[in-house]
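Right, one structure below, let's go through it.
Just so you know, these numbers use all the heavy atoms, side chains as well, and skip hydrogens, waters and symmetry mates. In the text below, chain A, chain B and the rest are named by the order of the sequence lines, each starting its count at 1.
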Number of protein chains: 2
Amino acid sequence: MEIEQAYPYLMERAMRQMRMVSQQYFVQAGVDITVEQWVVLYIIHDGQGLSQVEITELAFKDAPTVTRIIDNLVKKGWVYRQVSAEDRRKFEIYTTSEGKAMVQKLLPTVMAIREQGIGNVSESDLRVFKRVLGRLIENFTE
Amino acid sequence: MEIEQAYPYLMERAMRQMRMVSQQYFVQAGVDITVEQWVVLYIIHDGQGLSQVEITELAFKDAPTVTRIIDNLVKKGWVYRQVSAEDRRKFEIYTTSEGKAMVQKLLPTVMAIREQGIGNVSESDLRVFKRVLGRLIENFTE
DNA sequence: TAGTAATAGTTGTTGTACTAACTATTGCAA
DNA sequence: TTGCAATAGTTAGTACAACAACTATTACTA
């Protein structure tokens with residue numbers, strides 16, 4: 001069937017495999033966290049005090065999704081919201097010490113996952129791969 | 001921020017852009033269908049009489065998801081289930097004439113979308129791109 | 001400065017993703 | 001042939017994705 005050779009299908013499949021493997025590793029590490037939660041937690045950890053809009057842009061997700069993921073991260077005690085002093089519409093989002101510990105705990109796993117995916121891919125192929133991804137993003141941005 | 005250069009982030013972003021653009025084109029074509037519904041509809045159209053398990057494997061989705069997508073396609077009158085004569089646990093799934101018409105209507109759009117994504121990518125870069133995707137799939141399949 | 005537009009974030013709805021638990025049917029083996 | 005494992009599919013629960021509608025606050029403009 002021709003669809004199996006189409007690049008969107010291959011991308012979908014690769015993403016799903018990667019997500020499944022990541023989730024398994026998180027479970028093995030004894031941490032109750034989803035891949036999406038990890039992405040947002042890492043962004044918050046890396047940029048302490050970001051607003052939700054800024055997180056939205058960095059995570060490339062929409063505002064309601066980010067609201068809910070942060071809700072979940074707050075419930076788990078890993079991040080907290082603080083109303084901005086300059087603009088009371090805004091929150092500044094920070095990691096708690098538990099959140100920081102979680103990032104430190106998972107970071108090696110995340111790096112290992114990335115490496116597992118492209119360990120046997122040459123530098124030049126990886127460059128081409130990223131270049132094509134960049135083209136796709138451009139070509140689908142009106 | 002380093003995360004923006006990581007390949008999983010780029011893949012996520014490219015997929016999301018592509019999905020958004022596809023959805024817009026479907027709306028412009030005046031058809032109420034999601035990208036996932038399109039994928040499943042196309043597979044059913046291409047392989048008349050497939051069981052849900054077979055569709056599950058081809059679409060690379062899980063069984064409950066396929067059940068619900070087919071439910072939605074049935075509601076829209078594009079496909080129907082028929083209990084298998086040999087194995088009464090199974091359904092054989094077929095497109096209705098409306099379903100076939102829908103595939104014919106959308107196929108050019110789908111091809112155009114694919115082309116829009118990689119129109120300015122060289123043949124050799126595309127080969128490398130697909131090769132790396134294949135590696136990723138292998139590397140994340142235990 | 002009053003009125004309105006823009007911005008930040010939330011809530012609700014529908015559809016999909018994943019897991020687990022379930023029913024119905026079939027296949028296999030003691 | 002009974003009993004149990006495997007298979008096909010569904011249902012339930014939680015989380016994320018996309019869209020629309022909403023509140024609260026800030027910024028702009030006549």
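Each of C:dT19, D:dC16, D:dA18 was ranked by its minimum atom distance to the side chain of A:E36; first place goes to D:dC16. In the set C:dT16, D:dA18, D:dA6, D:dA6 carries the atom at the smallest distance from any side-chain atom of B:R89. Nearest nucleotide to the A:Q52 side chain, out of C:dT10, D:dC19, C:dG15: C:dT10. Checked against D:dA15, C:dA17, D:dA17, the side chain of B:K61 finds its nearest nucleotide in C:dA17. Of the candidate nucleotides C:dA17, C:dT26, D:dT25, C:dT26 has the atom lying nearest to any side-chain atom of B:D87. Here the nucleotide nearest the side chain of B:A63, chosen from C:dG9, C:dG12, D:dT10, is D:dT10.
Per the geometry, CE belonging to A:M18 stands 12 Å off P belonging to C:dC18, to the nearest Å.
Under 3.5 Å, the side chain of A:R88 and the base of D:dT25 form no donor-acceptor pair of N or O atoms. At a cut-off of 3.5 angstrom, counting only N and O atoms as typed in the model, there is a donor on one side and an acceptor on the other between the side-chain of A:R68 and the base of C:dG12.
The side-chain contact (heavy atoms from CB on, under 4.5 Å) test with B:S122 singles out one residue from B:D125, B:L126, B:N120, B:I118, and that residue is B:D125.
Between the side chain of B:Q48 and the backbone N or O of B:T95 there is at least one donor-acceptor pair closer than 3.5 Å.
Within the 4.0 angstrom heavy-atom criterion, only backbone atoms of the sugar-phosphate kind lie near A:T34; the bases stay farther away. Within the nucleic acid shown, A:S51 comes within 4.0 Å of sugar-phosphate atoms alone, with no base atom in reach, counting heavy atoms only. Backbone-only contact: A:Q37 has heavy atoms under 4.0 Å from sugar-phosphate atoms and none from a base.
Where B:Q23 and B:E92 meet DNA chain D, the nucleotide closest to each residue was compared, and B:E92 sits on the side nearer the 5' end.
Ring planes of A:Y94 and A:Y80: parallel class, angle under 30° (limits at 30 and 60°).
Using a 4.5 Å heavy-atom cutoff, the side chains of A:Q52 and A:R81 are in contact.
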